[in-house]
Structures are given as structure tokens and as C-alpha cells.
Number of protein chains: 2
Amino acid sequence: MQEHEAQFRNYLKNRGLKLTRSRALILNAAFTMHEHFDAEKLHDLVKHANISLATVYRTLPLLVNAGLIQLAVHSGRRDRFEHILGHPQHVHWLCENCKAVMETDLSSLLPALENEAKALKFDISQISLSIKGLCWKCKADVNESQ
Amino acid sequence: MQEHEAQFRNYLKNRGLKLTRSRALILNAAFTMHEHFDAEKLHDLVKHANISLATVYRTLPLLVNAGLIQLAVHSGRRDRFEHILGHPQHVHWLCENCKAVMETDLSSLLPALENEAKALKFDISQISLSIKGLCWKCKADVNESQ
DNA sequence: AAACTTGTTGCAAATGATTCTCATAATAAG
DNA sequence: CTTATTATGAGAATCATTTGCAACAAGTTT
């Protein structure tokens, strides 16, 4: 069994919830994805097994609480997620022009943050750093058109 | 005239938009607020002047684009904003238990970020760093109840 | 392995924040 | 003050997400 499946099974058992066929399929679909995904994209991957969109929506928060996925970027009207197991936390660079999302490592900032957390007596469970602006490509386009 | 009003007037004029009574009132209401606010909270402050919720929703993106307010935290289903003029960027610490939001200064992390931005040739327009977890108070409660 | 207890699912209807339509009103420019 | 636009209120429309409910499936117990 994969690590993420073991973790999910464990999470569910701890609170008397059941690992159903639907949940297992949805979990695996989420870990199939190599980019950000939303509920509908996930549903596309599992609807062949007759799994409803409602079940996808019901499973998503379980995966978040189990520490397996997280909300990635809040842009536009749909929630978009990404899986995080064995995936170091990172910075999202969101271009406001072409909507592209780049990622960089967060590790260089971690010590400073953990320091601050200690001062605040705050237990960190999730860090989300996103930066909006113009990517180099769009910046070039803007300059050209002037 | 306040600085934020001047900046808004300027933004609007640059694109042939009009500074109306409604927009001025909404802008001032936003700068009245000392905490995060959503569209409805803003509407509460201006509806006495017969301003509709639709107008509030139409004005919000103008204020964002004018660099006067920004999306603060995406938690729950409503967009929450905060004004940013003369307000240094900060970190949001969001307690997952009591939903309280604390803020700390972002300046200690800025140099590292600006460095990375330079490497990526990325023009930063807005930084949003939010950290979820447990605040000291809730952490204490959790320990007590064990 | 049959019976049970409890959580789960699909479906469809409900919700709720945000956006849009359209007829009327207000603004800036000339 | 006239004109050309843009803005507004009211309410309908959207659309992602939730929910109620009756049928089902998982894990447990006998």
C-alpha cells in the first residue's frame, strides 16, 4: 500500500470513519495529478466508477484534514488543491496577466518563520505563501507594447 | 482630501471612469474599517445612503486594482479584504480552532523574497503569507482537555 | 457468514456569494 | 445646459458548494 493510502486509512480509523471504495479512488486520483486540481477535475477522473460530484466534495475536506492535500491558490471562483505528501512546501508565484503559476522552494524562509512562531507560541500546521505580480514573459510583452 | 481618495480619483481618471458619490462612500467605509471586512460588512456601512450590494461588489475590484485594498484571508466562502495604504504588508496567523487572525510584520522576510523575485525576473505586486495552525490559547485548551 | 450498527452514497433540490441585465440616473466634458 | 458615457438599483441569473433523504456498504459482533 502506498504511503498516502496508509495515512488516510489511519486518519479515518482514528475517528470511526470508513475507508470506502469511493474514497480510495478519489485519494488515488488526487495523487495521480501532477498539477493543481479542483473538484470537477478530480470528478472527471473517477466518474467512470459512478462516483458523484457530491462525494468528491465530501471527500476533499477529509483529505485536507488528513494532511494529504491543501488548498493551493485562491484565484477565480473555484477552490484548487494540490497534494502535499512528500512534497515540500513551496511559494506560489501567480502571474496576474497570463495566470501562470510558478513554484519555488520555501525552505530558505522556514527558519525565520519558525522563529516567529515560537515567539507567538503558535503551532504551525500549514504555510501558504503566494505572490501576485507579473512573470518575466508578460513583463516583456508589456514593455514591447509601449 | 485624504491620500487614499486622491489615489482613487487618479486611478479612475486614468481609465475614463467616474468618481461617484457611491464610490467615494464605499472607499471611505473601507478605510474606516480597522479589521478585515467582506462585501456585506461594507454594505452595512453604506446602505443608509441607498447604495446597493451590487455596487459594493462592483467597486471592490476597482479598489483592489487601484492598490488600495487587497484580499486578506481566504477562509470560509466569503472574500475578506483589508485596506493597505500606508499599512505595511504582514503575515496572517490563522487559528484553525478559534478562527482568530493575528498579524505580524513581513519585513524580515522581504529581502529573501525580493532576491528570489529578481532571480525569477518577477515583478511583485502583492505578497500574501498566511499560516494556519493553533494559537497559544487554543493549544493550552487542547492540552488541558487531555 | 448472517445480522447489526453506523457511516456513506447518489440524486436532486437548496444555498449563498457573486455577477449580470436592463431601464433610469448621475458625471464629466464641451 | 447638452451630449456622450459610465454608473446605479433592483432583481433575476449563475455556479460552485452543501444538504436532505432513502438506499447501500463497511466494519463489528455474534
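Residue pairs meeting the side chain to side chain donor-acceptor pair (under 3.5 Å) criterion with at least one member in residues 27-36 of chain B, sequence neighbours excluded, are His4(B)-Asn28(B), His36(B)-Glu82(B), His36(B)-His92(B), His36(B)-Glu103(B). The side chain to side chain donor-acceptor pair (under 3.5 Å) analysis of residues 51-68 of chain B, with sequence neighbours excluded, yields the pairs Ser52(B)-Thr55(B).
With Gln7(B) contributing its side chain and Ala66(B) its backbone, the two residues share a donor-acceptor pair below 3.5 Å.
With hydrophobic clusters built from ILVMFWY side chains whose heavy atoms lie under 4.5 angstrom apart, Leu62(A) shares a cluster with Leu45(A). Hydrophobic clustering (ILVMFWY, side-chain heavy atoms < 4.5 Å, transitive): Tyr11(A) and Leu68(A) are in one cluster. Criterion: ILVMFWY side-chain heavy atoms under 4.5 Å apart, direct or through other members. Under it, Ile127(B) and Trp93(B) are part of a common hydrophobic cluster. In the hydrophobic clustering of this structure, Leu71(A) does not group with Val91(B); members are Ile, Leu, Val, Met, Phe, Trp, Tyr whose side-chain heavy atoms approach within less than 4.5 Å, directly or through other members.
Near DNA chain C, defined here as any heavy-atom distance below 4.0 Å, the residues from residues 22-32 of chain A are Ser22(A), Arg23(A), listed numerically. A heavy-atom distance below 4.0 Å to DNA chain C is reached by these residues of residues 33-56 of chain B, ordered by number: Ala54(B).
For the pair Leu60(A) CG and dA16(D) C1', the computed distance is 12 Å after rounding to whole Å. Distance OH (Tyr57(B)) to P (dG9(D)): 15 Å, rounded to an integer number of Å.
A parallel orientation is assigned to the rings of His83(A) and Phe31(A), their planes being inclined by less than 30° (bins at 30° and 60°).
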Hey, mind stepping through Asp38(A) and Arg80(A) against salt bridge (charged side-chain N to carboxylate O under 4.0 Å, His left out) and telling me if it holds?
CA-CA 5 Å; Asp38(A) 56 27; Arg80(A) 291 161 67 202; over 6 Å; no
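Residues that satisfy the side chain to side chain donor-acceptor pair (under 3.5 Å) test with Ser108(B), not counting sequence neighbours, are absent from this structure. Remark: Ala49(A) pairs with Arg21(A), Leu25(A), Ile51(A) by the side chain to side chain contact (heavy atoms under 4.5 Å, CB included) rule, at least two apart or across chains. For the side chain to side chain contact (heavy atoms under 4.5 Å, CB included) test, no residue two or more places apart in sequence or in another chain qualifies with Lys13(B). Under the side chain to side chain contact (heavy atoms under 4.5 Å, CB included) criterion, Lys121(A) pairs with Trp136(B), Lys139(B), sequence neighbours left out. The side chain to side chain contact (heavy atoms under 4.5 Å, CB included) search around Thr20(B) returns Lys18(B), Ser22(B), Arg23(B), not counting sequence neighbours.
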Using a cut-off of under 3.5 Å, enumerate the N/O to N/O pairs linking the protein to nucleotides 21-29 of chain D.
{"unit_1": "dA26(D)", "atom_1": "N3", "unit_2": "Lys18(A)", "atom_2": "NZ", "d": "3.0"}

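Comparing the start and finish of the helix from dA1(C)-dT30(D) to dG30(C)-dC1(D), five pairs each, the helix axis swings through 40°, to the nearest 10 degrees.
Side chain to side chain, Glu116(B) and Thr104(A) meet the donor-acceptor criterion of an N or O pair below 3.5 Å.
For DNA chain C, the span of nucleotides reached by chain B at under 4.0 Å from its heavy atoms goes, 5' to 3', from dA17(C) to dA28(C).
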